[in-house]
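Just so you know, these numbers come straight off a predicted model, no measurement behind them. Counting begins at 1 with the first residue of the sequence.
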Amino acid sequence: MPKAILLDWDETLAHTRCSVIEAMEHTLKKYNKEPWNITKTKYRDTKKSLKENFPNFFGSDANNAYTEYLKYYTKYAYNKVLPMENASSFLKFCNQNNIDLYIVSNKEKSLLLKEVDICFPNILFKKILGNGDAPQNKPSPDPVFTALDNVCYKIDKDNVWLIGDSKQDTECAYNANIQPILLGKGKFMDDAYIKAKTNSSLPLLVFEDFKEIANYLRLKIDNTI
């Protein structure tokens with residue numbers, strides 16, 4: 001049974017894609033850039049956070065564009081953020097079974113904290129890490145070690161899980177040598193990558209939703225009693 005579970009935020013614990021896209025479309029239009037579906041394909045570095053990609057999107061206007069993005073997102077996009085299905089009951093189950101919860105996200109910290117408060121006001125998280133809180137963002141292992149910097153157990157696959165929906169999350173887990181959990185069966189990931197990782201020496205565990213993960217975790221807990 002894990003002692004700690006680290007979770008991604010965007011499209012893992014919360015539905016945020018609509019909010020992000022709306023704010024990006026607004027900002028791109030203001031700076032006379034191509035629409036988001038073109039911009040993300042042509043210019044986005046998937047190994048970097050959204051904020052770290054703004055120089056790729058906006059060049060010398062990156063800082064001003066990011067300020068505009070945050071302004072719009074804060075004013076208009078929060079009301080579209082919703083908890084992921086079954087996430088609340090899963091998190092409560094972890095709290096009740098003394099499994100420490102952490103959020104490790106590449107999202108802007110000010111946005112992240114507000115969304116966490118909206119979606120999960122009654123859930124206890126040990127730490128919430130956003131963009132820049134660790135020396136490097138995911139897929140670096142730094143967010144894992146920053147979150148768990150004061151634990152007294154070994155940080156490994158038996159004690160720590162990382163749940164996410166993207167390659168950034170799984171690679172972060174592998175780089176930290178903890179258990180990677182893929183939520184949503186990798187609908188935006190390469191099938192060959194998923195197949196290779198599920199057959200690796202540290203197998204990637206793949207689940208449809210939090211209900212499936214909860215059932216798997218219950219079996220783990222029952223086997224330790």
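Side chains of P139 and T170 form no contact here, defined as non-hydrogen atoms less than 4.5 Å apart. F125 has its side chain within reach of L91: a pair of non-hydrogen atoms, C-beta onward, lies under 4.5 Å apart. Proximity of L182 to L205: side-chain heavy atoms (C-beta onward) are nowhere separated by under 4.5 Å. Residues L111 and T74 have side chains in contact (heavy-atom distance under 4.5 Å, counting atoms from C-beta outward). Proximity of N106 to K51: side-chain heavy atoms (C-beta onward) are nowhere separated by under 4.5 Å.
Under a 3.5 Å cut-off, the side chain of E11 and the backbone N or O of D165 do not form any donor-acceptor pair. Although no hydrogens or angles enter the test, the distance criterion places a donor-acceptor pair under 3.5 Å between the side chain of S19 and the main chain of A77. With hydrogens and angles ignored, the 3.5 Å screen pairs no side-chain donor or acceptor of N159 with any backbone N or O of I155. The backbone N or O of L124 lies less than 3.5 Å from a partner atom in the side chain of N95, making a donor-acceptor pair. Without hydrogens or angle criteria, D142 side chain to Q136 main chain gives a donor-acceptor distance under 3.5 Å. Between the side chain of Y31 and the backbone N or O of A62, no donor-acceptor pair lies under 3.5 Å. The backbone N or O of N86 lies less than 3.5 Å from a partner atom in the side chain of S89, making a donor-acceptor pair. The backbone N or O of V81 lies less than 3.5 Å from no partner atom in the side chain of T16, so there is not a single donor-acceptor pair. Remark: side-chain polar atoms of N53 are not paired, donor with acceptor, to backbone N or O of N56 under 3.5 angstrom. Using modelled atom types, no side-chain atom of E208 and backbone atom of L183 make a donor-acceptor pair closer than 3.5 Å.
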So N64 and Y69, side-chain contact (heavy atoms from CB on, under 4.5 Å) or not? Walk me through it.
CA-CA 9 Å; N64 289 336; Y69 169 82; over 6 Å; no
Run the numbers on C172 and V144 for side-chain contact (heavy atoms from CB on, under 4.5 Å), then give the verdict.
CA-CA 8 Å; C172 175; V144 174; 3.7 Å; yes
Show your working on salt bridge (Lys or Arg N to Asp or Glu O under 4.0 Å) between D10 and K107 and close with a plain yes or no.
CA-CA 8 Å; D10 290 311; K107 192 179 193 119; 2.8 Å; yes
With side-chain contact (heavy atoms from CB on, under 4.5 Å) as the criterion, how do K126 and L101 come out once you've worked through the C-alpha distance, each side chain's angles and the decisive distance to 0.1 Å?
CA-CA 6 Å; K126 294 281 285 188; L101 296 172; 6.0 Å; no
side-chain contact (heavy atoms from CB on, under 4.5 Å) evaluation trace for M24 with L50:
CA-CA 10 Å; M24 281 303 306; L50 183 65; 4.2 Å; yes
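At a threshold of 4.5 Å between side-chain heavy atoms, the hydrophobic network of Ile, Leu, Val, Met, Phe, Trp and Tyr places L13 and F93 in one connected group. Following chains of ILVMFWY side-chain contacts shorter than 4.5 Å, one can reach Y73 starting from F58, so the two form part of one hydrophobic cluster. Linking ILVMFWY side-chain heavy atoms closer than 4.5 Å, directly or via other members, places I99 and L148 in two distinct hydrophobic clusters. W9 and V104 fall into different hydrophobic clusters, where Ile, Leu, Val, Met, Phe, Trp and Tyr residues are linked whenever their side-chain heavy atoms come under 4.5 Å apart, directly or through other members. Tracing side-chain contacts under 4.5 Å through hydrophobic residues (I, L, V, M, F, W, Y), one reaches L112 starting from L7; they form part of the same cluster.
Ring-centre distance between Y216 and F207: below the 6.0 Å cut-off.
Because its NZ or CZ atom is not both nearer than 6.0 Å to the ring centre of F57 and within 45° of the ring axis, K33 does not count as a cation-pi partner of that residue.
D8 and K138 are joined by a salt bridge, as a carboxylate oxygen and a charged side-chain nitrogen come within less than 4.0 angstrom of each other. Salt bridge annotation for D133-K109: present, with a cationic side-chain nitrogen under 4.0 angstrom from a carboxylate oxygen.
Taking a 4.5 Å side-chain heavy-atom cut-off between Ile, Leu, Val, Met, Phe, Trp and Tyr, the cluster of Y72 extends to Y76.
The CE atom of M1 lies 9.5 Å from the CD1 atom of I5; values are rounded to the nearest 0.5 Å. The line from CG of L217 to CD1 of I213 is 9.0 Å long, rounded to the nearest 0.5 Å. The distance from atom CG of N215 to atom CZ of F90, rounded to the nearest 0.5 Å, is 10.5 Å. Atom CG of L28 is separated from atom CG of N37 by 10.0 Å, given to the nearest 0.5 angstrom. Between atom OG1 of residue T67 and atom CG of residue D61 there is a gap of 11.0 Å, rounded to the nearest 0.5 Å. Note that CD of Q179 is 12.5 Å distant from CG of L6, once rounded to the nearest 0.5 Å.
Here the closest non-hydrogen pair linking L129 and P143 is CD2-O, 3.5 Å. In terms of heavy-atom proximity, Y78 sits nearest to S110 at OH-O, 3.9 Å. The two residues F210 and E85 make their nearest non-hydrogen contact at CD1-O, 3.9 Å. Annotation for P180 and A173: closest pair CB-CB, 3.6 Å, computed over non-hydrogen atoms. Contact detail for K195 and N199: the closest heavy-atom pair is O-ND2, 2.9 Å. Nearest heavy atoms, Q168 versus K47: NE2-C, 3.4 Å.
Other residues, nucleotides and ligands contribute more than 12 heavy atoms inside 6.0 Å of the NZ atom of K80. Annotation for N63: atom CG does not count as buried by contact number, only 12 or fewer foreign heavy atoms lying within 6.0 Å.
Residues passing the salt bridge (Lys or Arg N to Asp or Glu O under 4.0 Å) test with D149 are K127, sequence neighbours excluded. Remark: E52 pairs with K48, S49, N131, N137 by the side chain to side chain contact (heavy atoms under 4.5 Å, CB included) rule, at least two apart or across chains. For the side chain to side chain contact (heavy atoms under 4.5 Å, CB included) test, residues two or more places apart in sequence or in another chain that qualify with T198 are I194, L204, V206. Under the salt bridge (Lys or Arg N to Asp or Glu O under 4.0 Å) criterion, K197 pairs with E171, sequence neighbours left out. Here S88 pairs with K92, F120 under the side chain to side chain contact (heavy atoms under 4.5 Å, CB included) rule; sequence neighbours left out.
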